[in-house]
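As structure tokens, the structure follows; a few thoughts come after it.
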Amino acid sequence: MAQMSESNVGPSSHGEKGSDLTGHKLTNGGSMAQVLPKEAIEFFGRMPDVERDAIFELTKRYRAAHADFLAGKLAQKPINLGIGAYADKSGNTPMMPTVAAVLRTIAEEKIAGATETKGLYLPILGFGPFIQGTENVVFGDALAQDLRANSRLLSCQALGGTGGCFLQGAVLARAGAKSIYVSTPTWGNHLKIYGMTGLSVEKYPFFNSTTSSVEQGKMLSFLSTLAAGTPVSLHACCHNPTGAQLSGGEWEELSDLFAQKGLVAVFDAAYAGFGESFDLDMQGVRTFASKGIPMLLSFSYSKIASLYDERVGAMSIVLPESPNGSNAQLLERVKGNLEAAIRACYSNPPGTFTRVMGRILNDPKLRTGWESDRQSIADEIFHGGVLLADCFEAKGIPSGNLRQRGGMFSMLPFSPEQVQAIETDQRVFMLGNGRINRGAVNETNAQEIANRVYEIWNR
Ligand code: PMP
């Protein structure tokens, strides 16, 4: 324990509560705080300055502007096209009807202590019916069953898609990986998540922003130079930030390359069902799994079940086919490592909304209900993109791939200076790389967005 310095011992002779002779603050209503060794005083100051998260900072700026607007300090109503979240015409993100109905039942069961764990912890990997239900929707019933029967599939709950990516990184690091390759561009947080798990994050070419299309040839020739066993991150569908989608043929070509070169596929699926269809959105994942390519997959329900603040997701590992036909032992070893990573991080996952989704996924009628709720949102997001493309094109503003069914995002060819001016002068908030969330566009704001963007575009 640190020695007390004499000048700081004893009550203040000022008789003034809260400060001593040297001006140090006192604690506990008058007893003197010790002067600590410099190492302790300076401890937290040794942390580096960190650049704040671009998306959450953008949301903060939008909220501040919105508060100013409500207080009458700002004439223009701010429009938020930043964070990836669906909002209806009135700017709300309602619960999906199917999810809301099941939540009521589950809440009653929980209150009555009628859940199978009776309010106790879930297993480390999570709630079984949710995990299996997720495997079935992701891989399709037949393939999921086949992979399970051959001890080649292992899944756990994850804290949303972010938590799923974090577990991917943790597992890759435990398997001895030193680096991971991500697309250029990619969701900014990929760099931070995989970096946080100790991997060095490298980049591969992916998108040409001038033509708004995937550079498949460049990507393939780059990836073909990587060493066997290198993990490569792939967006399963609806690429963030570009909205790009790979075709069935492109997935075939890519998976052949992975098989040939022995690369490890690290899939991220945060928008399944927001593209052409759920099955097409999972086509890449299923193609890779059918070819026996080693895979880690993060799957998020945040957007596709409107459960943004509930952190519902999963992470699956697909083992390659073993030459001697048995994977049971290897699966146990991988499971032990996955459990060790989770136990040391958050011990075990939350239960309420996982039970809600678990019930939905395992009941054909409820599953159809959720699929149709999800489709309505997917359609509205698509419609938002088309509406904005109409308004942009009428004014001569480039519309990029806004007309394509590719999930929530489009990256528009605005310079960082234009994006800045669109925000500060016109109060339309988007990411610095020109990424916009189509899920926040609707018939009440599309024309207004185009009018405001035009003011800057036309300068
Ligand atoms: N991956 C990608 C590509 C994403 O766009 C997002 C959300 N922006 C996530 C993962 C994280 O999803 P969640 O909110 O479920 O953590």
Side-chain angles (χ1 to χ4, degrees), residues 53-59 80-87 93 96 99 126 130 134 138 156-170 180-197 201 203 206-207 214 231-246 265-275 281-282 284-285 296-316 345-346 349-350 353-354 356-357 374 377-378 381 406-411 430-433 435-440:
D53 184 82
I55 299 175
F56 279 82
E57 286 300 302
L58 182 77
T59 307
N80 189 8
L81 302 180
I83 200 156
Y86 161 77
T93 303
M96 287 183 172
V99 173
F130 166 80
T134 299
V138 167
C156 65
Q157 259 181 252
L159 306 180
T162 308
C165 291
F166 188 85
L167 290 177
Q168 290 176 326
I180 181 168
Y181 282 76
V182 302
S183 64
T184 315
T186 191
W187 178 45
N189 211 17
H190 274 154
L191 312 177
K192 296 177 195 163
I193 300 170
Y194 296 129
M196 183 68 101
T197 61
V201 185
K203 297 180 178 173
F206 177 73
F207 194 73
V214 177
V232 177
S233 153
L234 298 168
H235 296 226
C237 57
C238 309
H239 184 272
N240 177 7
T242 66
Q245 297 274 53
L246 297 193
V266 186
F267 272 104
D268 185 0
Y271 305 94
F274 282 0
D281 287 351
M282 289 294 99
V285 168
L296 296 93
L297 168 100
S298 167
F299 189 83
S300 170
Y301 287 96
S302 301
K303 331 269 177 179
I304 64 169
S306 278
L307 290 175
Y308 299 87
D309 56 350
E310 305 299 346
R311 317 313 295 137
V312 186
M315 203 278 284
S316 294
C345 186
Y346 56 86
F353 279 87
T354 320
V356 171
M357 283 317 295
R374 188 189 67 215
I377 289 185
I381 293 170
M408 286 191 143
F409 304 115
S410 274
M411 207 169 67
M430 64 182 76
L431 284 196
N433 57 9
R435 188 196 85 172
I436 64 141
N437 166 28
R438 309 174 201 176

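Whatever order the structure lists them in is the order used to number ligands and atoms, beginning at 1.
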- [ ] State which residue, out of Asp268, Asn240, Thr186, fulfils the side-chain hydrogen bond (donor to acceptor under 3.5 Å, both in side chains) condition with His235.
- [x] Thr186
Open item on the list: At less than 4.0 angstrom from any non-hydrogen atom of Gly160, what atoms of ligand 1 do you find?
Closed with: 15 (O), 16 (O)
- [ ] Evaluate the side-chain proximity of Val285 to Phe299: yes if any heavy-atom separation is below 4.5 Å, no if none is.
- [x] no
TODO: Using a strict cut-off of 4.0 Å, indicate which atoms of ligand 1 neighbour a heavy atom of Ser300.
DONE: 12 (O), 13 (P), 15 (O)
- [ ] Would you check the N or O atoms of Gly161, main chain and side chain alike, for any that come under 3.5 Å of an N or O of ligand 1?
- [x] yes
Open item on the list: Give me the residue, atom name and distance of the protein heavy atom closest to atom 10 (C) of ligand 1.
Closed with: Trp187 CZ3, 3.2 Å
- [ ] Determine the sole option in Phe206, Phe409, Phe274 for which the ring-ring contact (aromatic ring centres under 6.0 Å, His included) test with His239 is passed.
- [x] Phe206
Open item on the list: Regarding ligand 1, does Ser302 bring an N or O atom to under 3.5 Å of one of the ligand's N or O atoms?
Closed with: yes
- [ ] Run the contact test for Arg311 against ligand 1 with a 4.0 Å cut-off on heavy atoms, strictly below, and give the result.
- [x] yes
Open item on the list: Using modelled atom types and a 3.5 Å cut-off, is there a donor and acceptor pairing between side-chain atoms of Thr93 and backbone atoms of Tyr86?
Closed with: yes
Open item on the list: Less than 4.0 Å is my threshold; does some heavy atom of Met408 fall inside it relative to ligand 1?
Closed with: no
- [ ] Please confirm whether the backbone N or O of Ala85 pairs with a side-chain atom of Asn437, one donor and one acceptor, at under 3.5 Å?
- [x] yes
TODO: May I ask you to check whether Asn240 has an N/O atom sitting below 3.5 Å from an N/O atom of ligand 1?
DONE: yes
Open item on the list: Side chains of Val201 and His190, heavy atoms from C-beta outward: is any pair under 4.5 Å?
Closed with: no
Open item on the list: Please check this pair: side chain of Gln157 against backbone of Ala314, looking for a donor-acceptor N/O pair closer than 3.5 Å.
Closed with: no
TODO: For atom 3 (C) of ligand 1, grab the closest protein heavy atom and report residue, atom and distance to one decimal in Å.
DONE: Asp268 OD2, 3.3 Å
Open item on the list: Tell me the protein heavy atom at minimum distance from atom 4 (C) of ligand 1, and give that distance in Å.
Closed with: Tyr271 OH, 3.5 Å
